[in-house]
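Structure first, then comments.
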Amino acid sequence: MNKPSQKIMASVAGAVLLASGAGAAFASQQPTTATTTEGGAPAGATHTVADHDIRAQWLGEESDFVRVADVQGTFVFDQEGVTPNDELFNVFGTAVLSMCSKPAPELAAEQTGVANYYVNVGGHVKQSFTVDLSELDADEQETLMGCSCATGSPFGQASVIGVPLASVVGMAELEDGVNTLTAYGADGYGEPLPLQYALDKNALLVYRVNGEDLRASEGSSAQLWMPETVARYFTRNIASIELTREDAVPDVASVDPMYRNKIEVKNVSDGCTFKAGDEITFEGVADDCGSPIAAVEFSFDGGRTWTACTTEGATADKWVNWRFTASFEEAGAYEMIARARTADDVVSPLSASLTFDVR
């Protein structure tokens, strides 16, 4: 006889997965049986930052939760789903002027600006010029891309349409030795990048996000997006692009090691009642912004044992949406702890957990 199936309620944060994206994609995946691994100190669980060792730790081992080792279940994942535009730039909160800042009026429902895609190109070029990105539609590209701040745990992902930065750079007659790109917003914000890095990452000058044309009250409404790059470089309202020759190529900022391999649970259990033997589905998101997620792992005994679920084929430019389904026979309070592991064997430094009751 089939067991009853229960899904823990999606939280407000869980609304970032649109039904037309992640939900539909989950239904098409074939579930795989998870395997278990021993607990202890996994490779990659310790990171060194400014001479301090940071160790991934899981709390609550001495609590009154029911402990179940080697929990078996089914696991599915995909890399689809987008963050709605009214939430996209409000889930970040670290940088002041870049894409992380909030709110982002060019994506607000009450957009009052105009669609302006003119960008000035200058610096160490033989002749400065202005380009209307909307006239480069022959070069237009569409892609699904994640965006993540260097610190903090939230995630964002969008379907974006724009023109490759390489198309605009190719229009410029560069002077010898040009090695740096800086995209300046209308507010003067700009973060210098190695020009070759931006080209290698296939940076896009974006003018449509999740099907909506971007608008702005000043400057161009175009935005700079780059896969696997922290959001401080995702400049908004680009007014100009400077291509310059610098004595030293700028370094590229990366994710703070404490916030690598982020994982979140997108459920809440408040008000949910589960019966012994019910199948319970947990779901969430994992992302590293640099290295592919190789596995999502779950523990129901305070981190003593882990159920490892591989995410074969996952790429680093998009997040991983995951679902894990299991059942529990003993009544009591439980804690599910989730972590992720990257292809370069980094384990999530910060835990994600959820408590629930079985009656």
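Along the sequence shown, residues are numbered consecutively beginning with 1. Since we're looking at a predicted model, the values are computed, not measured.
Within the 4.5 Å cutoff, no side-chain heavy atoms of Ser128 are placed close to those of Val121. Using a 4.5 Å cut-off on side-chain heavy atoms (C-beta onward), Val255 and Cys289 make contact. The shortest distance between side-chain heavy atoms of Val320 and Val285 does not fall below 4.5 Å. When side chains are defined from C-beta on, Thr180 counts as touching Thr182, because their heavy atoms get closer than 4.5 Å. Taking the side chain as every heavy atom from C-beta outward, Thr355 and Met336 never approach each other to under 4.5 Å. A heavy-atom distance below 4.5 Å is not found between the side chains of Asp357 and Phe274. The shortest side-chain heavy-atom distance between Leu174 and Leu243 falls under the 4.5 Å cut-off. A heavy-atom distance below 4.5 Å is found between the side chains of Thr315 and Gln79.
Rounded to the nearest 0.5 Å, atoms CD1 (Ile238) and CG (Asn116) are 11.5 Å apart. Taking OG1 of Thr143 as the reference point, atom CD1 of Ile161 lies at 10.5 Å (rounded to 0.5 Å). Distance CZ/Phe75 to CH2/Trp322: 8.0 Å, rounded to 0.5 Å. A distance of 12.5 Å separates OG1 of Thr229 from CD of Glu191, quoted to the nearest 0.5 Å. The CE atom of Met226 sits 14.0 Å away from the CG atom of Asp317 when rounded to the nearest 0.5 Å. The distance from atom CG of Leu193 to atom OH of Tyr233, rounded to the nearest 0.5 Å, is 5.5 Å.
Using modelled atom types, no side-chain atom of Ser159 and backbone atom of Leu144 make a donor-acceptor pair closer than 3.5 Å. Judged by distance alone, with hydrogens and angles left aside, the side-chain atoms of Arg245 form a donor-acceptor pair with the main-chain N or O of Asp176 at under 3.5 Å. At distances below 3.5 Å, at least one donor-acceptor pair connects side-chain atoms of Asn261 with backbone N or O atoms of Val346. Side chain of Trp319 to main chain of Glu80: a donor-acceptor pair is present (N/O by atom type, distance under 3.5 Å, no hydrogens or angles). Side chain of Asp301 to backbone of Thr305: a donor-acceptor contact under 3.5 angstrom is found. No donor-acceptor pair under 3.5 Å is formed between the side chain of Glu297 and the backbone N or O of Thr307. Judged by distance alone, with hydrogens and angles left aside, the side-chain atoms of Thr130 form no donor-acceptor pair with the main-chain N or O of Val119 at under 3.5 Å. Of the possible donor and acceptor atoms, none in the side chain of Gln223 sits under 3.5 Å from a partner among the backbone N and O of Asn237. Of the possible donor and acceptor atoms, one in the side chain of Glu242 sits under 3.5 Å from a partner among the backbone N and O of Gly123. The closest donor-acceptor contact from the side chain of Asp278 to the backbone of Lys275 lies under 3.5 Å.
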Using the side-chain contact (heavy atoms from CB on, under 4.5 Å) rule, take Tyr189 and Thr235 through it: C-alpha gap first, then chi angles, then the decisive distance, then the call. CA-CA 8 Å; Tyr189 176 85; Thr235 308; 4.1 Å; yes
From CA spacing to verdict: side-chain contact (heavy atoms from CB on, under 4.5 Å), Val160, Leu204: CA-CA 9 Å; Val160 296; Leu204 285 182; 4.3 Å; yes
For a side-chain contact (heavy atoms from CB on, under 4.5 Å) check, start with the C-alpha distance between Trp306 and Ile337, then their side-chain angles and the critical distance, and finish with the verdict. CA-CA 9 Å; Trp306 293 89; Ile337 303 173; 3.8 Å; yes
Could you go through the side-chain contact (heavy atoms from CB on, under 4.5 Å) check for Gln157 and Lys318 one step at a time? CA-CA 7 Å; Gln157 182 161 282; Lys318 296 184 285 290; 3.4 Å; yes
Could you walk me through whether Lys126 and Glu175 pass the salt bridge (Lys or Arg N to Asp or Glu O under 4.0 Å) test, one step at a time? CA-CA 6 Å; Lys126 294 181 180 179; Glu175 296 180 4; over 6 Å; no
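Both Val71 and Phe77 sit in one connected hydrophobic cluster of ILVMFWY residues. Membership requires side-chain heavy atoms under 4.5 Å apart, directly or through other members. No continuous path of ILVMFWY side-chain contacts below 4.5 Å connects Val249 to Leu195, so the two sit in separate hydrophobic clusters. One hydrophobic cluster, built from ILVMFWY side chains closer than 4.5 Å, holds both Val163 and Phe129. Tyr118 and Leu133 end up in different hydrophobic clusters when Ile, Leu, Val, Met, Phe, Trp and Tyr side chains are linked at under 4.5 Å. Tyr184 and Val169 fall into different hydrophobic clusters, where Ile, Leu, Val, Met, Phe, Trp and Tyr are joined by side-chain heavy atoms under 4.5 Å apart, directly or via other members.
Looking at every heavy atom in both residues, Gly277 comes nearest to Ser327 through O-CB, 3.8 Å. Considering all non-hydrogen atoms of both residues, Glu329 and Ala276 come closest at O-CB, 3.3 Å. When every heavy atom of Val230 is checked against every heavy atom of Ala253, the shortest pair comes out as CG2-O, 3.7 Å. Closest of all the heavy-atom pairs between Pro292 and Ala316 is N-CB, 3.7 Å. Heavy-atom minimum distance, Gly146 versus Phe234: O-CZ, 4.1 Å. In terms of heavy-atom proximity, Val178 sits nearest to His124 at CG2-O, 3.4 Å.
In summary, the side chains of Tyr207 and Ser220 do not present any donor paired with an acceptor at a separation below 3.5 Å, with no hydrogens or angles considered. Using modelled atom types, one finds a donor on one side chain and an acceptor on the other under 3.5 Å when comparing Thr281 with Thr325. Between the side chains of Asn120 and Ser240, no donor N or O sits under 3.5 Å from an acceptor N or O. Under the 3.5 Å distance criterion, with hydrogens and angles disregarded, no donor-acceptor pair is assigned to the side chains of Glu312 and Thr310. A donor-acceptor pair shorter than 3.5 Å can be found between the side chains of Gln141 and Asn202.
Aromatic rings of Phe328 and Phe300 (six-membered ring for Trp) have centroids within the 6.0 Å cut-off, being under it. Ring pair Phe65/Tyr334: centre-to-centre distance not below 6.0 Å.
Here Lys262 does not pair with Glu264 in a salt bridge; the nearest charged N to carboxylate O distance is not below 4.0 Å. With respect to Arg260 and Asp344, a salt bridge is recorded, a charged nitrogen being found less than 4.0 Å from a carboxylate O. A salt bridge does not link Asp213 with Arg215: none of the charged nitrogens is closer than 4.0 Å to a carboxylate oxygen.
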